[in-house]
Protein chains: 2
Amino acid sequence: MEKDNTYFGVKEIARRANVSIATVDRVIHNRPGVSEKTKQKINGIIKELDYQPNILASRLASRKIISLAVLLPRVSEETDFWEAPLKGIRRAEAEIKKYGVQIQFYLFDLNDKNTFEEQIKAILETEVHGVLLSPSFIEESKQFVKTCHKLKIPYVFFDSNIPDQDNLSYIGPHLFQSGYVGAKLLTYRLKENHKVLVVNISKEIFNYNNLQIEEGFRAYFNDHNQSCEVIRVDIKDTDSLSVAKDLTRVLYEHEDIEAIFVTNSRVFAVASFLEKSKRTDISLIGYDFLKENIRFLNMGTIDFLICHKPEEQGYRGLMSLYQRLVLGAPVEKVHFMPIDIITKENHAFYQN
Amino acid sequence: MEKDNTYFGVKEIARRANVSIATVDRVIHNRPGVSEKTKQKINGIIKELDYQPNILASRLASRKIISLAVLLPRVSEETDFWEAPLKGIRRAEAEIKKYGVQIQFYLFDLNDKNTFEEQIKAILETEVHGVLLSPSFIEESKQFVKTCHKLKIPYVFFDSNIPDQDNLSYIGPHLFQSGYVGAKLLTYRLKENHKVLVVNISKEIFNYNNLQIEEGFRAYFNDHNQSCEVIRVDIKDTDSLSVAKDLTRVLYEHEDIEAIFVTNSRVFAVASFLEKSKRTDISLIGYDFLKENIRFLNMGTIDFLICHKPEEQGYRGLMSLYQRLVLGAPVEKVHFMPIDIITKENHAFYQN
DNA sequence: CCACGTTTCGGGTACGTACCCGTAAATATA
DNA sequence: TATATTTACGGGTACGTACCCGAAACGTGG
């Protein structure tokens, strides 16, 4: 069976315009050296034929490589969360490498703002065509993307967002709604009057992610005017000892707490505490598909995990740059990830 | 920036083997006309260099088109479930069309076995290189794939499986586990002693899917030795009147039923009944992201929907044939879909 | 009108692979 | 031994696009 030859390429365009292929090529790529008249003519024919370039041939013939920078937190001992986006990015890399795309990784330490700035400097010293970044440090990120914008380098945010930064796209969760889902799950089996605890474990005092989530969480109670009390506690030191200490105090002050909602992936620390202090009567919900979290999910200490497909975030983030830079295709400005609910029973089939 | 030329192609292989490109090509494609000795030599070099063919160039140069058949139920008035796989398949089609792949659709009526057999005959009359099918009618499907196997045409099952049929792959849910998850959700907020109802709405009396799901559902109660009673009812007529009639009877006989589990996407029929008869105290769980189901989810009549990414099933199903036939890459024998939990709060972000 | 620069364009080769066609050598047949 | 047939291989062109290089056409100032 033969390919259908209903396909019109540059050759056909050239024939119809009475010019050479080279001239058509110049028009397509907006290169100089074509009179206004013939340019008009050729563009007309292109539109008429709805010409779609053959990416295969295009990438094959092109000698250029496209160089992308990826800026994300290093996988730390504390949490293996960032393995997932990395994996997704590597998957995308493998897929598009043969199209002449090259990835450079720039890893920083979430506990050290300086490393973030260093990596930014390193990126700007090289010749990049696009950047994928997790804007963990807000002010520094803003500065950085402003520079990129001036240099006309497209950049994509993922995992968390900063609004109104002229980014090509944001790939990540709708944080508010995610907190909302958390509240629904938490209250699903509670009695009418209940007391719940929101735990925020994070070095950064002001954290856009956590705040957004908590807002959604509280909104649920408002919308369903449940007569309940939402306590909250900030734990700034992420080690398990500090967590245990702070929780002990809170649970002493409020002995009738029935459920705990942790606004990020550090729910395992809370689970560990509940386990040790034999408080398995308390419902527990938190975030992310970490090995430790799954362990406590299996044990029943954690009831639900919410997850936003971190691997796919990485994959899609890179792919959107590829789409823009290689295929020249338009890219969605915002791509919200699903708000996945993980239980003991379905985690085995979860696609992170 | 230039492409790195660390890439070894047929040219390099030919040079090292002291043969022409044509001969290397013959070896790669297992075409005759090469002595055993040179074949060995060339294969050695290929392995040594870990040669990866350039798909771009390969597809560009190839004149052949690859023709795939897709056999699935027609989208009916009763349920729009099959829109999703179709959409996924179309997405895959758009993606791989430019590589010279062509799709032919063969639609049958789920209520009419004859249409299934007709479509099978139609497929076998054409020249196909691969088949993607939902094996809704088990015996007929078995016959069909036996023929395909003889003709060395690879075939992929999706949505539901038939074990041990030499299929290239199965893409779909782990049904047992899916029922297990359903049970967990259903009992999550129930008291200790409870009575639940399993509803099986289906024209086919023997239905592999539903049975597998119910098995998983019951297994959960066994594993957690909950003191509960599981009633079950088969409803063979799928129209809403029959459903209402049968349910009325069952709920009259067992007036203390607290929760209902529907083993397929027809949960909206049950929801509609509960709504009309003002029995919104009963928890309800069912399957699939249908418009009707989402409506009742929003109203609160349905508590949870379980879903197995039908669109992605279609997409992946087609892509696995593409992987095998065009890229010559190995394909996973079984690819279980995630068991997604959908609520009123997260459905807006669900990716079907 | 000529010399020279600029604008505008076409020829042609390359990318890596597929595959047609032709041919020399090896083998079989008479 | 002469001829037919098969086997084993190489040359070369095509796929659709990118881009180098050179050349014709045009314009400008002297």
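Protein chains get the first letters and strands the later ones, always in sequence-line order, with residue 1 at the start of each. Atoms considered below: every heavy atom in the structure, side chains included; atoms not considered: hydrogens, waters and symmetry mates.
Here chain A contacts DNA chain C (any atom closer than 4.0 Å to a heavy atom, that is under 4.0 Å), and the contacts span C:dT8 to C:dG16 from 5' to 3'.
In this structure a side-chain-to-backbone donor-acceptor pair under 3.5 Å is missing from A:K333 to A:D166. Side-chain N or O atoms of B:E140 include none that pairs as donor or acceptor with a backbone N or O of B:E117 at under 3.5 Å. Of the possible polar contacts, none joining the A:Y106 side chain to the A:L133 backbone as a donor-acceptor pair under 3.5 Å is found. Formation of a donor-acceptor pair under 3.5 Å by the B:H129 side chain with backbone atoms of B:L68 is not found in this model. Side chain of B:S141 to main chain of B:F137: a donor-acceptor pair is present (N/O by atom type, distance under 3.5 Å, no hydrogens or angles).
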Handout entry: Working for side-chain contact (heavy atoms from CB on, under 4.5 Å), residues A:F157 and A:I171
Key = CA-CA 6 Å; A:F157 292 140; A:I171 319 262; over 6 Å; no

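Applying the side-chain contact (heavy atoms from CB on, under 4.5 Å) criterion to A:L49, with sequence neighbours excluded, gives A:F8, A:E12, A:I13, A:R16, A:I45. The side-chain contact (heavy atoms from CB on, under 4.5 Å) check on A:A92 picks up A:Y315, A:L318, A:M319, with sequence neighbours excluded.
Looking at heavy-atom distances under 4.0 Å, B:P32 makes no contact with the nucleic acid at all. Nucleic acid contact for A:G9: sugar-phosphate only, since backbone atoms but no base atoms lie under 4.0 Å from a heavy atom of the residue.
For residues 24-45 of chain A, every residue pair satisfying the side-chain hydrogen bond (donor to acceptor under 3.5 Å, both in side chains) rule, not counting sequence neighbours, is listed here: A:D25-A:H29, A:D25-A:R31, A:S35-A:T38, A:E36-A:Q40.
The distance from atom CZ of B:R31 to atom C1' of D:dC9 is 13 Å, rounded to the nearest whole Å.
Within residues 36-43 of chain B, the residues that place at least one heavy atom under 4.0 Å from DNA chain D are, in residue-number order, B:T38. Listed in residue order, the members of residues 13-27 of chain A having a heavy atom less than 4.0 Å from DNA chain C are A:N18, A:V19, A:S20, A:A22, A:T23, A:R26.
The residues B:R90 and B:E93 are annotated as salt-bridged, a charged nitrogen and a carboxylate oxygen being separated by less than 4.0 angstrom.
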